[in-house]
Number of protein chains: 2
Amino acid sequence: MLKLSTKGQYGVRAMFEIASGHAGEPVAIKEIAARQDVSVAYLEQILNTLRKSGLITSVRGPGGGYLLARQPEKISIGEILRSLDGPIALTACQDPMEGCVRADGCVTSLLWKALGEKIEGFLDAMTLRDLLTGKNKQLSGQKYPSLEIEKTGHHAFLEKTGKIGA
Amino acid sequence: MLKLSTKGQYGVRAMFEIASGHAGEPVAIKEIAARQDVSVAYLEQILNTLRKSGLITSVRGPGGGYLLARQPEKISIGEILRSLDGPIALTACQDPMEGCVRADGCVTSLLWKALGEKIEGFLDAMTLRDLLTGKNKQLSGQKYPSLEIEKTGHHAFLEKTGKIGA
DNA sequence: TAATACTCTACTAATATTGTCAAGTATTTT
DNA sequence: AAAATACTTGACAATATTAGTAGAGTATTA
């Protein structure tokens with residue numbers, strides 16, 4: 001339960017790729033797609049949305065690609081997710097577009113509201129810079145591996161089977 | 001995004017109904033269904049699952065119904081949700097049944113893991129007792145209304161239209 | 001002018017959620 | 001015993017959402 005859409009996930013990863021791109025140079029969609037193992041077409045949708053939200057800019061022509069519209073520390077994960085998946089709304093009651101229907105709903109409604117705010121607080125406090133450096137307070141307490149790309153036969157195996165234990 | 005299933009929502013609300021039922025007396029499914037405005041058939045599924053998870057017990061025969069299997073303070077919202085919707089898994093990487101596929105996944109993977117733990121921590125700390133009394137620390141800071149049932153023409157309106165602004 | 005790259009819209013397939021239905025079993029009161 | 005009440009179970013259908021594809025088009029620069 002409480003699944004994050006692949007759109008949101010890919011979006012964050014794409015933003016990470018752009019952020020970690022060679023300083024100032026646009027990152028081509030093709031390159032991002034290759035690294036993320038996502039189709040170019042799907043990524044186009046995602047990046048298009050992010051561009052319209054003002055999180056990235058694009059440069060056309062050969063050598064073109066995508067750039068962050070702001071410094072990594074000015075772009076939160078929350079912004080990225082909201083751009084792609086709309087506002088966080090655990091329940092219909094919390095959704096701005098809907099309304100609280102049930103009369104005795106206020107008890108659990110407050111619960112979901114509190115949780116939603118907790119989640120948003122977390123996501124808004126976390127920025128691309130944190131992902132780049134892994135130094136955010138919220139992530140500390142976790143063992144933080146280096147950002148080096150890790151490749152093992154193990155992963156290759158998982159890639160083929162798709163799932164384990166299922 | 002990050003929607004909670006109706007099953008989980010109804011489950012929590014049903015548990016709340018049972019918890020607030022007349023001391024020691026079983027609460028009939030019919031009564032719960034009426035209060036929650038959910039079909040009896042759907043609720044049966046939900047309560048059945050909760051019973052199998054050991055969160056409630058049932059009493060048959062006229063005057064029968066459902067009872068909490070433990071004291072309200074011993075039943076967390078997290079338990080209820082996990083019982084109905086399975087483990088919280090924001091992403092496939094976090095799902096015990098799946099695996100982390102992408103080689104460079106560790107950066108965002110940690111992010112989702114940290115968020116997931118934050119959410120679980122919240123839900124496991126929150127109990128039915130907190131819902132009954134509204135005194136949990138996590139809920140404080142929220143304006144906390146009385147548990148009185150609130151009925152306004154406003155709500156009745158929403159009930160008919162279903163959604164607003166959509 | 002050709003290559004590269006981004007833009008946009010529509011559409012489909014897969015999956016999960018949400019909920020219904022029907023038949024049956026157990027318990028207690030009268 | 002019989003009737004009323006209540007829980008049990010499993011199959012199934014409708015709906016919504018997600019995920020991803022396809023294809024035609026526009027812009028930019030070497």
Side-chain angles (χ1 to χ4, degrees), chain A residues 1-11 13-14 18 21 25-34 36-53 56-67 69 81 84-86 89-92 95 97-98 162-163 166, chain B residues 1-11 13-14 18 21 25-34 36-53 56-67 81 84-86 89-92 95 97-98 101 162-163 166:
Chain A
M1 62 164 168
L2 278 185
K3 267 186 207 153
L4 220 51
S5 72
T6 61
K7 225 166 195 166
Q9 291 178 55
Y10 294 161
R13 300 170 66 90
I18 297 170
E25 295 294 305
V27 180
I29 198 171
K30 204 171 162 186
E31 188 180 342
I32 301 173
Q36 303 288 333
D37 195 26
V38 183
S39 79
V40 169
Y42 195 27
L43 210 46
E44 273 171 348
Q45 280 182 26
I46 293 170
L47 294 181
N48 196 4
T49 302
L50 291 171
R51 188 183 53 78
K52 282 180 183 165
S53 298
I56 53 177
T57 59
S58 58
V59 178
R60 293 185 164 193
Y66 289 93
L67 290 168
L81 295 180
L84 293 167
D85 290 329
L90 295 174
T91 65
D95 194 321
M97 297 298 282
E98 317 219 1
K163 300 183 179 189
Chain B
M1 62 164 168
L2 279 185
K3 268 185 205 153
L4 220 52
S5 73
T6 61
K7 224 167 196 166
Q9 290 177 56
Y10 294 161
R13 299 169 66 91
I18 297 170
E25 294 296 304
V27 180
I29 198 172
K30 205 169 162 188
E31 187 179 344
I32 302 172
Q36 302 291 332
D37 195 24
V38 182
S39 79
V40 168
Y42 195 27
L43 210 46
E44 273 170 350
Q45 278 182 27
I46 294 169
L47 294 182
N48 196 6
T49 302
L50 291 171
R51 189 182 52 79
K52 283 181 183 163
S53 298
I56 54 179
T57 59
S58 58
V59 178
R60 293 184 166 193
Y66 290 94
L67 291 167
L81 294 181
L84 292 166
D85 290 329
L90 295 173
T91 65
D95 193 322
M97 297 300 282
E98 317 219 1
V101 163
K163 300 184 179 188

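Per chain, numbering begins at 1; letters A, B, ... match sequence-line order.
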Legend entry - Qualifying residues under side-chain hydrogen bond (donor to acceptor under 3.5 Å, both in side chains), relative to B:T57, sequence neighbours excluded: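 side-chain hydrogen bond (donor to acceptor under 3.5 Å, both in side chains) check on B:T57 returns nothing, list empty.
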Legend entry - Residue whose nearest DNA chain C nucleotide is more 5′ - A:K30 or A:M1: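 This one resolves to A:K30.
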Legend entry - Residue whose nearest DNA chain C nucleotide is more 5′ - B:V40 or A:G64: A:G64
Below 4.0 Å: OP1/OP2 of [N] and any side-chain N or O of [X]:
X	N	result
A:T6	D:dA19	yes
B:S58	D:dT8	yes
A:Y10	D:dA19	no
B:Y42	D:dA14	no

Inset, instruction - Check whether any side-chain N or O of B:Q9 sits under 3.5 Å from a backbone N or O of A:T91 as a donor-acceptor pair, and report yes or no. - result: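 No; zero donor-acceptor contacts below 3.5 Å.
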Spacing between [X] atom [atom1] and [N] atom [atom2], to the nearest angstrom:
X	N	atom1	atom2	answer
A:R60	D:dT26	CZ	P	11 Å
A:D37	D:dA19	CG	P	16 Å
B:L67	D:dA6	CG	C1'	14 Å
A:L81	D:dT18	CG	C1'	16 Å
A:L43	D:dA19	CG	P	14 Å
B:I56	D:dA6	CD1	P	16 Å
A:D85	D:dG20	CG	P	13 Å
B:Q9	C:dT17	CD	P	13 Å

Proximity to the side chain of [X] - top-ranked nucleotide from [options]:
X	options	result
A:A41	C:dG19, C:dT7, D:dT21	D:dT21
B:S39	D:dT17, D:dT28, C:dT20	C:dT20
A:I29	C:dC6, D:dA6, D:dT17	C:dC6
B:S5	D:dG20, C:dT20, C:dT18	C:dT18

Inset, instruction - Return the residues of residues 44-52 of chain A meeting this criterion: a heavy atom under 4.0 Å from some atom of DNA chain D. Order them by number, or give none. - result: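 The answer is A:Q45.
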Distance from [X] atom [atom1] to [Y] atom [atom2], nearest 0.5 Å?
X	Y	atom1	atom2	result
B:L50	B:K7	CG	NZ	10.5 Å
A:I29	A:L47	CD1	CG	4.5 Å
A:K3	A:S5	NZ	OG	11.5 Å

Side-chain contact test, heavy atoms from C-beta onward, threshold under 4.5 Å: evaluate it for [X] versus [Y] and give yes or no.
X	Y	result
B:P26	B:Y66	no
B:T49	B:I46	no
B:L2	B:L90	yes

